[in-house]
Each structure stands twice: as C-alpha cells, then as structure tokens.
Amino acid sequence: MRDLIKPVSEVLGPVLAKMGLADFDLESIIGPATDRSHGDLAIPCHQFSRILKKSPVAIAEEAAEKMNDQLKGIAKATSVAGFLNITAESRWLGDRLSELAEHPTYGVEKNTTRTVVVDYSSPNIAKEMHVGHLRSTVIGDSLVRILEFKGNTVIRENHVGDWGTPFGMLIERLEDLESEGIQPSDALSDLGIFYRDARSSFDSDEKFRERARKRVVALQSGDEATMARWKQLVDLSFSYFDEVYDMLGVLLTKDDVRGESYYDSLLPSVVERLDDSGLLSNNLGAEVMYPGDWVNREGNPLPLIIRKGDGGYNYATSDLACIIDRTERLGADDLIYVVGTEQKQHFQMVFAAARIAGFLHEKHTSTHVPFGLVLGSDGGKLKSRSGGAVRLLDLLKEAIQRASAAVINRNPDMDPLEIQSIAKSIGIGAVKYSDLKADRTKDYIFDWEKMLSFEGETGPYLQYAHARIRSILARSGDEASLEKPLNYTLPSNEEARLAREILAFPESVDIAASELAPHRICKHLHRISQAFGSFYEHCPVLMVDDSLRIERMSLCALTGDILQIGLELLGIDAPSRM
RNA sequence: GGGCGUGUAGCAUAGCCUGGAUAAUGCACCGGCCUCCUAAGCCGGGGACCGCGGGUUCGAAUCCUGCCGCGCCCGCCA
C-alpha cells in the first residue's frame with residue numbers, strides 16, 4: 001500500500017508538527033500494519049511518548065482525531081494501543097484501481113533502463129542436464145523476464161562448458177564407438193551413459209588416457225578432424241538441450257549460447273592486459289593475482305591463478321575474459337551470474353580482480369545470484385554421476401504425464417490436443433513454481449509428491465484461479481463491455497481485499513527486481529489468488545444486476561490479467577482452461 | 001583452523017537488509033460448505049520457549065555479540 005503513504009504523510013506531517021513532533025522522517029515512521037485487520041498503514045506512537053511526556057495511547061488518539069477530517073475521501077485513522085492505524089477508503093482504493101487498470105503495465109513502472117547480462121543455465125556439452133541445471137535455468141529465466149519488464153535491456157548468456165581437458169576423453173570415446181559401428185547420434189542419445197563410459201575409460205585405461213591427452217592438444221591447436229568431432233559433440237548436445245528448453249518453455253535459444261570455446265581465444269589478451277598493468281606476480285611458476293584478503297588453509301594469501309605453470313588457463317581467466325566481453329563488446333552495465341552457492345568465493349575473487357584491473361568501472365555492477373542445492377530425500381546432495389540421479393528430461397516428462405492424468409480426470413471429454421497442451425502448462429508450471437517459490441539461497445529437498453501435488457501453494461493453484469476467471473468472462477458473453485473504464489465501489493470485504501492485493505502487485509515486482517528474488521512475486525501471486533478464491537465464493541459475478549455485474553467482471557478481468565502477467569514473469573503458462 | 005551461508009508449529013517455508021501489536025502461508029490433522037460463475041476451491045479450528053545465552057531499545061524473529069547444530073568454500077579442478 002505504498003501509494004497511500006504519500007497522501008497520508010501530507011496530512012500526518014503537519015498534524016505531528018502541531019503536536020510538537022517536527023522533523024520526523026515520515027517515510028520511516030509509517031509502515032504497513034502488521035495485521036491487516038488493523039489497517040493498511042500504521043504509525044507506532046510509542047517513540048513519541050518520551051518527547052511529549054504523554055502515553056502512546058493518548059498521542060495516537062489525538063493524532064487520529066486531528067487527521068480524520070483532512071483524510072476524508074482517502075482513508076480513516078483509528079488508534080489502538082498506541083498505534084495510529086490508517087485504513088484506505090473504498091473510494092480511494094477504487095480510484096487507484098481505475099488508474100492501475102488504465103496503466104499499460106498495470107502499475108509497474110519501466111524505470112530501470114540498464115543493459116543487463118544474465119548468465120544462466122550453463123549446461124556442459126556431452127553431459128546430462130540434471131536438477132542443478134533446473135534451478136539455474138528456471139531462476140535465471142525468471143530474472144530475465146522480470147528485469148526486462150522493468151524496462152532494462154536484457155541479454156541472455158548461456159555459458160556452456162564446451163571446452164577444456166574433458167573433451168579429449170569425450171572425443172576419444174566417440175572415436176571408439178564409431179569404430180564399433182555406432183553412429184554419433186546414437187552414441188550421444190544417452191548423455192549420462194556416454195559421459196560415464198568416457199570417464200571410466202579415462203580412469204582405468206592408461207592408453208586411453210594418453211590418447212585423450214593428445215586429443216586435447218589437437219583440439220587446442222585447431223586440428224581439423226578433431227574440430228569436426230568436437231562440432232559433432234556440440235551440435236548433438238544442443239539438440240538435446242533444445243528439447244529440454246522447449247519443454248521447460250524458457251527464453252534461451254541457440255543465439256544465447258556463448259561457450260568456453262569462444263573465450264578461449266581471448267585469454268592471452270587478458271593475461272597481457274593484466275601484465276601491462278603490473279598486476280601479475282609469479283607463484284611457483286604460475287602467473288597469479290591477489291585481488292583481496294583471502295587466505296588458504298595454511299593462512300597464506302590466496303592467489304587467483306591467471307595462468308598455470310604449464311601455460312594453461314583456469315576458469316578465473318575465462319571469467320575475466322567474459323567480463324571484458326560483456327562490458328566492452330555488449331556494453332553491459334550490470335552482470336548477473338545465476339550459479340550455485342558453492343562458487344561464491346570464486347566470483348568474489350574474480351569480481352575483485354576485474355575491479356582492480358579496470359575491467360569493471362564505477363558504473364558497472366556484478367552480482368553472483370547463488371541458489372541452494374537440490375537434495376535427495378535422504379538429505380544428501382543429489383549428484384549427476386552417482387547413477388541414481390534424476391535426468392531433467394525425465395523429470396519434466398513425468399511432471400507432464402502426471403498433470404495429464406489430472407486434466408483427463410477432470411475433463412473426460414476434452415480434445416486430446418488441448419489436454420496435452422494444458423498438461424504441459426500445468427506440469428511444467430508446478431515444477432517451476434516449486435523451484436521459485438522459496439528464497440533461492442536455501443537448499444530444498446526434491447520431492448515428487450510435493451512438486452506435483454496440485455494443492456496448496458503451488459503453480460496449479462495460481463493457474464486454477466486464472467482459469468476460473470477466464471471461464472467466468474467467457475461465459476459472460478459480453479467481454480467487450482469491459483473496455484470502458486469505470487468506478488469501482490468495492491462494496492464487500494472480499495472485493496476490497498482483492499483490490500488491495502492487486503494494488504500491491506507493482507511493489508512486489510519492484511522488490512523482486514531489486515532483490516533479484518522471484519519468490520517475492522510467487523508469494524504475492526498466491527495472495528492475489530487467495531483473495532480471488534474468497535471473492536469467487538462470496539461474490540457472484542454473472543448473476544447480479546447491472547453495474548455490480550460490470551464492476552465484478554472488470555475486477556475479474558483485472559485479476560486475471562495480473563495473474564497472467566505475474567505468471568509470465570515466472571515463466572509459467574496461464575492456460576484458460578484446466 | 002579461516003571464510004561464507006543457514007536454523008521459525010509434526011513437515012516445508014515467508015517475514016530479517018529498513019525493529020513495533022495476538023509471528024504469516026502451505027502440507028498434514030479436526031469440523032463445516034457442491035439443486036448456484038470449474039470443490040485443483042471456500043469457511044472455521046487446534047498446533048511455535050522464531051537453535052541457545054547475553055547486549056542495544058519504550059519495544060527484538062528482525063540489529064550487535066558469544067556459543068551450538070547443519071551445509072558450502074578455502075585445488076596450478078571445472
């Protein structure tokens with residue numbers, strides 16, 4: 001209810017001044033009421049007690065009394081237990097609602113117009129996508145949508161692992177399979193098995209290991225046959241990734257891919273620039289930087305290794321090249337990395353190094369957006385190579401299949417194609433919502449039942465609220481009449497509650513954008529859906545007369561639109577039927 | 001050992017940055033509601049020393065501090 005703060009403080013300021021309480025920062029003393037039943041805003045008066053030598057109760061009472069005349073048409077002031085409570089009038093709420101309905105983005109201002117690069121998803125070539133990629137992909141995609149909606153120019157970057165020493169063994173494995181008569185497309189049909197077998201040959205077979213080493217050298221030097229093999233690995237992996245992305249419904253495309261291999265050629269120049277600035281020092285033959293006060297286990301300064309003793313490079317160098325590329329080539333202002341918590345210190349060091357080296361200037365921001373682990377039901381980390389890991393593709397398929405069963409159960413006569421489409425929206429929505437709804441820094445336990453249950457605080461609950469709204473509007477037969485703006489009178493508690501939740505939507509988007517926290521939108525959409533659920537049960541829409549019917553239809557349309565937009569910001573579909 | 005994060009009803013979480021009232025939500029549990037716009041829903045109920053101890057404050061889940069539990073990081077790996 002932030003819109004109420006301004007008109008209230010205009011009245012509150014002079015009233016407090018008259019009472020002998022000048023020079024208060026009104027913004028900081030007015031807050032939302034803890035309990036909605038007390039009002040929309042609250043000003044605790046206990047802090048004034050000492051100054052005025054009066055009880056908080058008396059102060060709150062006096063202020064409420066003095067404010068009420070001037071607040072007429074806006075809100076009503078009351079006092080309880082030393083709290084000055086402000087409750088918006090329905091008329092004021094209705095006017096704000098009209099404004100919001102007319103606003104092109106429902107009150108969300110496009111007022112942060114920076115160029116933002118969001119680095120997310122980042123699967124590895126020739127390696128299975130697993131639940132860890134789910135989190136980065138889903139969270140990153142939502143952040144892209146939110147930041148874009150706020151007016152930023154957002155560039156998506158999928159930093160895939162398509163380079164480095166593992167490719168020696170992967171290419172050799174591909175060679176071996178082909179000599180056994182197995183086509184590359186079949187060899188890579190199950191990436192989990194392919195990677196595992198390559199790994200085990202590498203670990204157990206000395207000759208294979210030697211071939212892999214030579215192959216890495218050939219790859220680095222651009223050997224034609226090797227590059228062709230590499231390209232096969234990359235292309236076949238991408239077609240697999242695309243299948244996953246398509247099923248997930250994320251914005252990422254092939255154009256967003258910029259792998260390790262792209263930065264590889266830029267690495268020497270990174271070293272050169274650091275060296276020219278005199279930032280490199282030699283540590284046991286390696287070129288290193290000391291970007292901060294980090295120490296290792298022995299208490300010695302922790303170096304950021306720029307070039308290894310053998311002349312090779314580490315991730316840190318590649319990440320620096322990446323920063324240069326994004327700020328200088330793409331013109332990025334803000335760099336966002338949606339990468340697991342375990343890499344926190346790595347990013348801190350890289351960012352610090354980039355600042356020192358002048359790759360990041362004053363105007364740039366660089367933010368690591370960490371997320372917690374996905375745990376198994378035993379509380380242990382869910383690993384991709386441990387054999388029992390859940391393939392992302394299987395997970396998504398099962399989600400859709402379960403949703404499909406539920407849709408058929410409810411709509412036995414529905415067209416199969418529509419069932420399929422709705423089941424996809426619901427199943428994927430359920431998975432995404434469960435990943436987004438909590439503070440992303442926390443770990444969560446992967447639970448099929450919870451993820452796919454369609455009850456409670458879930459994606460389907462929000463989708464259901466939206467579908468009911470569309471259903472009402474479709475039945476009304478006069479959706480066109482909704483075009484004209486009208487006055488909202490909000491006669492019932494349920495309508496006023498719904499109005500309040502709708503009006504608070506822009507604020508939750510703003511918070512989500514500034515905190516890079518999609519769960520703030522999840523929580524708010526759930527509140528809106530709850531308010532709508534209550535409205536739906538208590539306020540008949542189509543069977544009331546004239547003006548009330550129009551008002552309620554309009555309220556439905558507004559709620560539906562906001563749920564749709566909100567879900568879109570999370571990357572979740574909003575089907576019209578369920 | 002050092003650094004970072006986390007701890008809130010039986011379970012899963014929100015709130016913590018920016019301190020205010022009976023700590024919010026979902027699952028599970030108990031009791032109501034489908035001749036009426038989709039019951040994937042709605043209404044009501046029980047259930048919490050907000051990890052523990054100090055401190056600051058008129059007031060602490062929230063800020064400071066010390067412990068304890070759990071996790072992650074501290075590679076010439078990626």
Side-chain angles (χ1 to χ4, degrees), chain A residues 27-29 31 33-38 42-50 56 80-83 85 124 161 163-166 260 283-288 293-299 302-303 305-315 318 340-346 348 370 372-373 375 379 381 403 406-407 409-411 426 434 437-439 441-445 447 449-450 453-458 460-461 463-465 467-476 515 519-520 522-523 526-527 529-530 532-544 552-553 556 577-578:
Chain A
E27 298 270 330
S28 72
I29 59 172
T34 328
D35 183 336
R36 297 275 175 129
S37 69
H38 287 125
I43 298 98
C45 296
H46 315 82
Q47 56 194 319
F48 306 136
S49 183
R50 186 182 293 172
V80 180
F83 289 86
N85 293 316
N124 291 311
W163 205 247
T165 49
E260 288 293 325
N283 179 323
L284 302 170
E287 304 279 356
V288 307
D293 296 329
W294 290 279
V295 294
N296 65 17
R297 228 179 287 265
E298 287 74 43
L302 187 65
I305 294 158
I306 302 299
R307 185 162 58 183
K308 299 190 279 185
D310 66 4
Y313 302 96
N314 276 349
Y315 247 3
S318 177
T341 314
E342 65 274 10
Q343 293 198 38
K344 181 163 183 167
Q345 187 182 332
H346 166 77
Q348 283 177 338
L373 300 170
L375 306 174
K381 186 175 176 177
V407 175
N409 193 33
R410 289 172 64 89
N411 309 280
I426 294 174
S434 78
K437 75 170 173 180
D439 177 0
T441 58
K442 294 194 176 182
D443 296 347
Y444 78 79
I445 291 175
D447 184 333
E449 291 304 318
K450 274 188 185 157
S453 157
F454 301 144
E455 282 171 13
E457 197 197 333
T458 63
Y461 176 85
Q463 291 172 322
Y464 184 58
R468 285 169 125 186
I469 291 167
R470 296 300 172 211
S471 173
I472 291 173
L473 296 177
R475 280 172 177 274
S476 73
E515 296 181 353
H519 81 280
R520 301 302 286 254
C522 291
K523 296 290 172 192
H526 184 247
R527 292 181 64 92
S529 299
Q530 283 181 312
F532 177 77
S534 188
F535 163 85
Y536 182 88
E537 299 290 337
H538 296 99
C539 305
V541 177
L542 300 180
M543 40 286 227
V544 293
R552 286 183 173 168
M553 276 178 61
C556 284
R577 293 180 66 193
M578 281 177 75

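Just so you know, these numbers come straight off a predicted model, no measurement behind them. The chains referred to below are lettered A, B, ... by the order of the sequence lines, with proteins before strands, and numbering in each begins at 1.
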Quiz question: going by heavy-atom distance under 3.5 Å, is there a donor-acceptor pair between the base of B:U22 and the side chain of A:H38?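 Such a pair exists between side chain and base.
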Summary of protein contacts for nucleotides 27-34 of chain B, nucleotide by nucleotide, where a base hit scores B, a sugar-phosphate-only hit scores S (4.0 Å, heavy atoms): SS------
Could you check whether A:C539 gets within reach of a base, just the sugar-phosphate, or nothing at all, counting any heavy atom under 4.0 Å?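 Contact class for A:C539: base.
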Looking across every strand, which nucleic acid part, if any, lies under 4.0 Å from A:A286 by heavy atom: base, sugar-phosphate, or nothing?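 Since a base atom lies under 4.0 Å of A:A286, the category is base.
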A:P540 backbone acceptor or donor facing A:R552 side chain under 3.5 Å: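 Checking the backbone N and O of A:P540 against the side chain of A:R552, a donor-acceptor pair under 3.5 Å is found.
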Any donor-acceptor pair under 3.5 Å from A:K344 side chain to A:P370 backbone: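 Pair absent, no side-chain N/O of A:K344 close to backbone of A:P370.
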Which atom pair, heavy atoms only, marks the closest approach of A:D443 to A:G372?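 Taking every non-hydrogen atom into account, OD1-CA, 3.3 Å.
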Determine: side-chain N/O of [X] to OP1/OP2 of [N], distance under 4.0 Å, yes or no.
X      : N     : answer
A:T34  : B:A21 : yes
A:Q530 : B:G26 : yes
A:N296 : B:G2  : no
A:R36  : B:A24 : no
A:T165 : B:C77 : no
A:H519 : B:G15 : yes
A:K523 : B:G26 : no
A:R468 : B:A39 : yes
A:K308 : B:G75 : no

Just to verify, what does A:F48 make a ring pair (Phe, Tyr, Trp, His ring centres under 6.0 Å) with, not counting sequence neighbours?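 Listed in chain order: A:F24.
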A:Y461 aromatic ring stacked with six-membered ring of B:A40, 5.5 Å and 30°: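 Stacking is absent between B:A40 and A:Y461, given that the ring centres and planes do not meet under 5.5 Å and under 30°.
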Stacking here means centres under 5.5 Å and planes under 30°; does A:H46 stack on B:G59?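 No, A:H46 does not stack on the base of B:G59, since the centre distance and plane angle fail the 5.5 Å and 30° test.
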Under the side chain to side chain donor-acceptor pair (under 3.5 Å) rule, collect the residues that match up with A:S49, sequence neighbours excluded.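 Side chain to side chain donor-acceptor pair (under 3.5 Å) list for A:S49, sorted by chain: empty.
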Test of understanding: with side-chain contact (heavy atoms from CB on, under 4.5 Å), list the residues that count as partners of A:S476, not counting sequence neighbours.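 Only A:D478, A:E479, A:L542, A:R549, A:M553 meet the side-chain contact (heavy atoms from CB on, under 4.5 Å) criterion with A:S476.
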Tell me whether B:C34 sits syn or anti, counting syn as a glycosidic angle within 90° of 0.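 Glycosidic conformation of B:C34: syn.
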For RNA chain B, the dot-bracket pattern of Watson-Crick and G-U pairs whose distances stay under 3.5 Å, | for other-strand partners: (((((((..((((......[...)))).(((((.......))))).....(((((..]....))))))))))))....
Think A:R468 forms a cation-pi with A:F532, using NZ or CZ under 6.0 Å from the six-ring centre and within 45 degrees of its axis?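 Cation-pi check for A:R468 and A:F532: fails.
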Provide, to the nearest angstrom, the distance between the CD1 atom belonging to A:I305 and the P atom belonging to B:A78.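 Atom CD1 in A:I305 sits about 10 Å away from atom P in B:A78.
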How are the rings of A:F83 and A:H46 set to each other: parallel, tilted or perpendicular (split at 30° and 60°)?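 Answer is perpendicular, since the angle exceeds 60°.
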Could you tell me which residues satisfy salt bridge (charged side-chain N to carboxylate O under 4.0 Å, His left out) with A:E455, sequence neighbours excluded, listed by chain and number?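 If we apply the salt bridge (charged side-chain N to carboxylate O under 4.0 Å, His left out) test to A:E455, skipping adjacent residues, there are no hits.
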